[in-house]
Structures are given as structure tokens and as C-alpha cells.
Amino acid sequence: MRTRFAPSPTGPLHFGSVRTALFAWLAARSTGGQFILRIEDTDQGRYLEDTEALIMETLLWLGLSWDEGPEVGGPHGPYIQSMRTDLYREHAGLLEARGAAYWCTCTPERLAEMREQQRAARMPTRYDRRCLSRQDDVRKERAAGAPAVLRQLMPPGRTAWDDVIHGEISFDNADIDDQVLLKSDGFPTYHLAVVIDDHLMQVSHVIRSDEWIPSTPKHLTLYSALDWTPPRFAHVPPVLGEDRQKLSKRHGARNVLEYGELGYLATAVDNAMALLGWSSGTEDEVFTLAQLVERFSLARVHDSAAVFDQKRLDSLNGQHIRRLSTEELVELLEFWLPGTSKETRRKLVPLLQERMVVMRDAGTLASPLLGDAPWDDDVVFPPRKVDAATAIALLDATCAEVSGAGLEDITALRERLTAFLDARGVKARDGFRVLYIAVLGRAQGVPVFDAMAFIGAEKSMQRLRAARARLEL
RNA sequence: GCCCGCAUCGUCUAGCGGUCAGGACACCACCCUUUCAAGGUGGUAACCGGGGUUCGACUCCCCGUGCGGGUACCA
């Protein structure tokens with residue numbers, strides 16, 4: 001199977017567009033085929049500087065490498081449409097010679113007016129083929145330098161195909177417009193370019209977003225006029241935002257790369273995207289990219305739109321973090337806990353791993369251990385169910401224990417302090433909250449005794465005494 | 001307006017004529033527990049509506065409704 005992802009460089013990639021890329025990539029990889037990246041920059045007006053680089057960076061971050069495309073090249077290049085204009089013009093000429101396309105000199109103004117009238121008459125809006133019946137005049141106008149476009153001549157009949165996702169879909173050709181193939185600036189439209197490129201690049205399965213369904217008959221007609229065997233089409237449903245609107249740039253859809261900056265693992269993002277419209281058929285849902293390759297099949301891709309759920313991503317990210325080996329996490333943490341040694345991170349991992357939702361959480365969790373533990377002003381101290389006298393006694397007892405027995409055996413330390421609280425009729429869960437606040441500056445976080453062992457006896461006692469001082473005021 | 005697609009818990013989904021309609025996220029409760037998490041157990045929660053077809057419809061067909069998309073010299 002040969003698939004491709006063909007984005008236009010009009011902005012960063014969001015969850016919806018990357019999901020389509022993931023499916024195309026997975027389809028190719030899971031069948032031992034090739035994945036092609038092609039940049040569709042035929043619209044000069046919407047082109048946005050630097051987005052090719054952004055697109056490639058995004059795909060690479062997610063682990064979606066391409067076999068053919070920009071940078072890596074390939075046997076069917078170039079893989080940037082603006083560098084293939086000769087190819088498009090050549091085939092456009094062929095189409096014209098075969099009577100499958102004709103020139104049109106209608107002005108945008110006339111076209112707009114025509115559509116307005118059709119709409120007012122409750123008719124479908126389509127080009128009325130005025131120029132088709134006056135081709136001699138059109139030829140003269142073009143010779144005189146009049147701007148013109150090449151239009152596809154939609155033949156009568158019906159066009160149908162067996163969509164991989166949707167099954168049989170068919171259109172009455174009469175409902176389909178004579179699509180512009182070559183714009184007056186000489187550039188091809190998407191419709192011409194996509195057909196030529198997919199064929200020349202030997203794409204076997206066109207996996208693209210649902211929104212292309214209405215133009216597929218145009219493409220199929222082109223394949224037929226060119227005497228080419230069309231590829232299979234797989235139109236994947238859209239990804240919707242919480243507002244049930246299709247994810248789009250103007251709708252605040254986030255640049256996928258931002259998830260990385262927020263501390264999401266690429267593999268978790270891949271996993272979350274795959275689950276939007278695909279399911280394994282088993283009850284397993286947590287997969288790495290490699291595991292997705294093993295299980296993926298286009299046949300199990302859904303045909304209805306999916307609403308993106310951030311909570312689900314969070315959950316998946318936490319699960320992927322927990323599945324990391326200590327060494328893997330130690331590596332990854334280097335970026336999130338700058339300035340720490342590998343040894344330090346190794347000691348931290350057991351305390352952090354099961355508490356992180358995103359990598360960024362490591363910083364929050366570890367900060368009281370790596371630096372100061374600023375007091376959280378919202379915290380109630382002493383905490384509920386513990387009076388000041390008990391809190392002071394506990395703090396003193398802890399200090400005495402630490403200076404005496406040290407922090408070698410925190411299990412024994414905990415047991416002695418539990419007994420201490422017991423004797424005073426205070427539940428350990430309530431009493432120890434005092435220690436959490438004293439040591440971490442807040443009521444929750446990594447386990448206190450581990451925290452004390454980490455920062456050492458000296459610093460621990462300092463914090464315990466500082467907390468005690470607050471109670472005496 | 002015209003054309004096309006889609007429709008199961010709040011969300012992602014399993015289901016492919018006969019199921020107590022299953023799982024996950026979220027939510028709630030309990031257990032575990034030095035906090036918070038994690039983990040465990042249990043719970044609340046769904047087949048858009050109406051007609052058919054059939055002994056039997058979530059599953060098939062039709063209509064309606066809703067949502068999404070297309071209707072550009074944008075992709």
C-alpha cells in the first residue's frame with residue numbers, strides 16, 4: 001500500500017489534520033508499504049512562510065517519517081507542487097486535446113452574478129457552460145491576451161466508487177460543476193494537481209478528510225479521461241472540537257507541537273489520535289506507535305465524526321508515562337528538570353512517575369525537593385482535626401527523631417511517629433498532614449518521608465522548625 | 001437553495017437480526033493508603049423520532065429531525 005499526506009502550507013497542523021496523516025502513515029506501515037509527504041502549495045495567496053518546516057517537524061516529533069517527500073527525495077519527485085507546474089500544464093493539454101476540458105474567459109464578476117441568479121431560482125449553482133458553445137471566440141480572446149481558465153468538461157451520467165470507509169458513494173454528474181483545472185495565473189487547482197500527482201507517485205490509497213467526498217467524482221472523471229486506473233479512496237471523518245465544530249485554525253485548534261511543549265508524550269498523542277475514529281476491536285486501548293502499527297487496519301476506521309476530549313489525552317498520557325522504564329524517564333526528565341544530575345533524577349523517578357499527568361508536572365512535584373518549599377498561602381495550618389499543641393509536639397518529635405536516628409530508615413521513622421500520634425489519639429492521616437505542609441509547603445505532593453530523606457536531615461529540620469515557629473505566633 | 005456524509009452512555013467506542021447493549025475517559029462510592037496520586041472493587045449513564053421488512057430489530061429499507069461537509073480561478 002502506498003499512501004500520502006498532502007498538506008497545504010497554510011498554517012500549523014492541528015489534531016484533526018494530523019490524525020488523517022496518522023491514519024495514512026499507519027495504513028502504509030502496517031502493510032509494509034510506503035508513506036509519501038507532498039506539499040500542496042498551489043495557492044499562492046494563502047501560502048504561509050515557514051510552514052513546510054513546521055509540518056515536517058510535527059510529523060517527525062510524532063514519529064511519522066516519510067519514505068518519499070521533501071528532504072529525503074524519492075523516485076517521483078519533486079514533492080512540492082509548485083515545482084511540478086510543467087507536469088500539470090502538460091496533462092492539462094492532454095485533457096484539452098481529448099475534449100475533456102475547455103477554456104473559459106468568463107470574468108469572476110459574471111460568474112458571481114450567474115450563481116446569484118441560480119440560487120435565487122433555487123437551482124444548484126454550477127457553471128452554465130457559456131464558453132463551451134463559443135470556443136472560437138474564446139480562442140481569439142485568449143490570443144488577444146484575455147485571462148482564461150481551463151475547465152473540466154463533466155460528462156453526463158453517474159460517478160460512483162467504493163469508499164474504503166463509507167462503502168458505495170455515488171453522485172449524479174449533473175450535480176457537479178465544470179471544475180477549473182488551470183487557474184488564470186497558470187497554476188493548477190488542487191483537483192488537477194492531486195490527480196496527476198497521486199497517479200504519477202503511484203499512490204494506491206488516497207486517505208484524506210471527509211470534506212473531499214463531493215469532489216471525488218471530479219477526480220474520478222479525470223482519471224478516466226486520462227485513461228488511468230484510479231486509486232482506492234478512504235475518506236476519514238472529521239475531528240470536532242468541544243463545540244462540535246470541525247477543528248480548524250480559526251476555531252482555536254491548537255498547534256500539535258504545543259502538546260509537546262506542554263509535556264505530552266508523542267506516543268500518547270499518537271495513541272489519543274488513533275482512538276479518535278479507530279478502535280482495535282479488543283478491549284486494549286493503550287498503545288505505543290509501534291503497537292498501533294501492529295494492530296491498525298483501515299477496515300476498523302469509523303465513519304462518523306469524533307469530538308476531541310482533552311481528558312482522554314491526559315489519562316492516556318499518564319498511562320504512557322507510567323509505562324516508561326526508569327531509565328527512559330530519567331532521560332526525558334533532563335529537559336523538564338534542568339540542571340539535575342542523572343543520579344538525582346533516578347532518585348526522583350519513583351516519587352514522580354505515578355503522579356505525573358504531563359511531563360511538566362515533574363517540575364511542580366519536584367520543586368520542594370530541588371529548591372525551596374515556598375509556603376502555599378491557601379493552606380490551612382495546622383490542618384483540620386489537628387490542634388496547634390499536637391502539631392507542635394509532632395514537629396518536635398519529628399525533629400528529635402531526625403537528629404537522633406537520622407533518615408536512613410524512613411519506614412521505622414514513620415512507624416514511630418504513627419505510634420506517637422496514636423498515643424495522642426490523632427489519626428496518622430490527619431497528623432501527617434502537618435509534616436507535608438512543613439516539608440513541602442503544601443498539603444499534597446510526593447511522600448513526606450521520602451522527601452525528607454531526599455533533602456537530608458539538616459534541611460528537613462530547618463523546615464520543621466520554621467513550621468513550628470509559625471504555630472507559636 | 002442544491003448535493004453529499006453521519007447518527008449507541010456527557011465524550012471516545014464495541015456491536016455487524018436473537019446480548020442483562022460490552023469497554024475506556026469523565027463522574028460518584030468504597031477499599032488500599034503518610035498527603036496527593038496510582039491501583040483495586042462497585043455504581044450512575046446510551047441505541048434521535050416515525051413508519052416498514054422480519055417470528056424477532058441498535059443492527060436491513062424508507063421518511064423525518066439533528067449535526068457535519070461541499071457548493072471558489074482555497075485546499
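So you know, we letter chains A, B, ... as the sequences are listed, proteins then strands, and number each from 1.
Under the salt bridge (Lys or Arg N to Asp or Glu O under 4.0 Å) criterion, no residue pair touches residues 419-436 of chain A, with sequence neighbours excluded. Each ring pair (Phe, Tyr, Trp, His ring centres under 6.0 Å) pair with one or both residues in residues 414-444 of chain A, not counting sequence neighbours, appears once here: A/Phe432-A/Phe449.
Side-chain contact of A/Thr418 with A/Glu415: a donor-acceptor pair under 3.5 Å is absent, judged by distance alone. When only modelled atom types and interatomic distance are considered, A/Gln179 and A/Gln152 share no side-chain donor-acceptor pair under 3.5 Å. Using a 3.5 Å distance cut-off with no hydrogens or angles, the side chains of A/Ser280 and A/Thr282 do pair a donor with an acceptor. One side chain, A/Thr390 or A/Asp387, offers a donor N or O that lies under 3.5 Å from an acceptor on the other.
Taking a pair to require two hydrogen-bonding distances under 3.5 Å in either a Watson-Crick or a G-U wobble arrangement, B/U19 remains unpaired. Base pairing of B/C32: no nucleotide in any strand meets the Watson-Crick or G-U wobble criterion (both distances under 3.5 Å). Across the strands present, B/U54 finds no partner; the criterion is a Watson-Crick or G-U wobble pair with both atom distances under 3.5 angstrom. Here B/C47 sits opposite no nucleotide as a Watson-Crick or G-U wobble pair (both hydrogen-bonding atom distances under 3.5 Å). Nucleotide B/G68 is matched to B/C4 when pairs are restricted to Watson-Crick or G-U wobble geometry with both distances under 3.5 angstrom. B/G10: Watson-Crick or G-U partner is B/C25, with both key distances under 3.5 Å.
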Under 3.5 Å, which N/O atoms of the protein pair with N/O atoms of nucleotides 57-61 of chain B?
none

Report each atom pair, protein N/O against N/O of nucleotides 22-28 of chain B, whose distance is under 3.5 angstrom.
| residue | atom | partner | partner atom | Å |
| --- | --- | --- | --- | --- |
| B/G22 | O2' | A/Glu283 | OE2 | 3.1 |
| B/G23 | O4' | A/Glu283 | OE2 | 3.2 |
| B/G23 | N2 | A/Glu285 | OE2 | 3.1 |
| B/A24 | O4' | A/Glu285 | OE1 | 3.1 |
| B/A24 | O2' | A/Glu285 | OE1 | 3.0 |
| B/A24 | O2' | A/Arg312 | NH2 | 3.4 |

Do any N or O atoms of the protein come closer than 3.5 Å to N or O atoms of nucleotides 68-72 of chain B, and which pairs are they?
| residue | atom | partner | partner atom | Å |
| --- | --- | --- | --- | --- |
| B/G68 | OP1 | A/Gln245 | NE2 | 2.5 |
| B/U71 | O2' | A/Thr125 | O | 3.4 |
| B/U71 | O2' | A/Thr125 | OG1 | 2.9 |
| B/A72 | OP2 | A/Arg115 | NE | 3.0 |

Under 3.5 Å, which N/O atoms of the protein pair with N/O atoms of nucleotides 30-34 of chain B?
| residue | atom | partner | partner atom | Å |
| --- | --- | --- | --- | --- |
| B/U33 | N3 | A/Arg429 | NH1 | 3.4 |
| B/U33 | O4 | A/Arg429 | NH1 | 3.3 |
| B/U34 | O2 | A/Tyr436 | OH | 2.3 |

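With sequence neighbours excluded, the residues forming a side-chain hydrogen bond (donor to acceptor under 3.5 Å, both in side chains) with A/Tyr102 are A/Asp178, listed by chain and number. Applying the side-chain hydrogen bond (donor to acceptor under 3.5 Å, both in side chains) rule to A/Trp161 yields the partners A/Asp163; only residues at least two apart in sequence or on another chain are considered. For A/Glu211, the side-chain hydrogen bond (donor to acceptor under 3.5 Å, both in side chains) partners are A/Lys246, not counting sequence neighbours. When the ring pair (Phe, Tyr, Trp, His ring centres under 6.0 Å) test is applied to A/Phe296, the partners found at least two apart in sequence or on another chain are A/Phe23, A/Trp278. By the side-chain hydrogen bond (donor to acceptor under 3.5 Å, both in side chains) test, A/Asn173 is found to be paired with A/Thr159, residues two or more places apart in sequence or in another chain being considered. With sequence neighbours left out, the ring pair (Phe, Tyr, Trp, His ring centres under 6.0 Å) criterion links A/Trp212 to A/Tyr190.
Side chain of A/Gln444, nearest nucleotide from B/A75, B/U35, B/C12: B/U35. The side chain of A/Ser304 lies closest to B/C6, out of B/C12, B/G39, B/C6. Checking B/A7, B/C12, B/A75 against every side-chain atom of A/Thr42, the shortest atom distance belongs to B/A75. Residue A/Glu354 has its side chain nearest to B/A38 when only B/C3, B/C74, B/A38 are considered.
Taking the six-membered ring for Trp, A/Tyr259 and A/Phe15 have ring centres closer than 6.0 Å. Checked against the 6.0 Å centroid threshold, A/His219 and A/His191 count as a close aromatic pair.
Within the 4.0 angstrom heavy-atom criterion, no nucleotide atom of any strand lies near A/Arg442.
Between A/Arg322 and B/G39 there is a side-chain N or O to OP1 or OP2 distance below 4.0 Å. Side-chain nitrogen and oxygen atoms of A/His166 include at least one within less than 4.0 Å of the OP1 or OP2 phosphate oxygen of B/C6.
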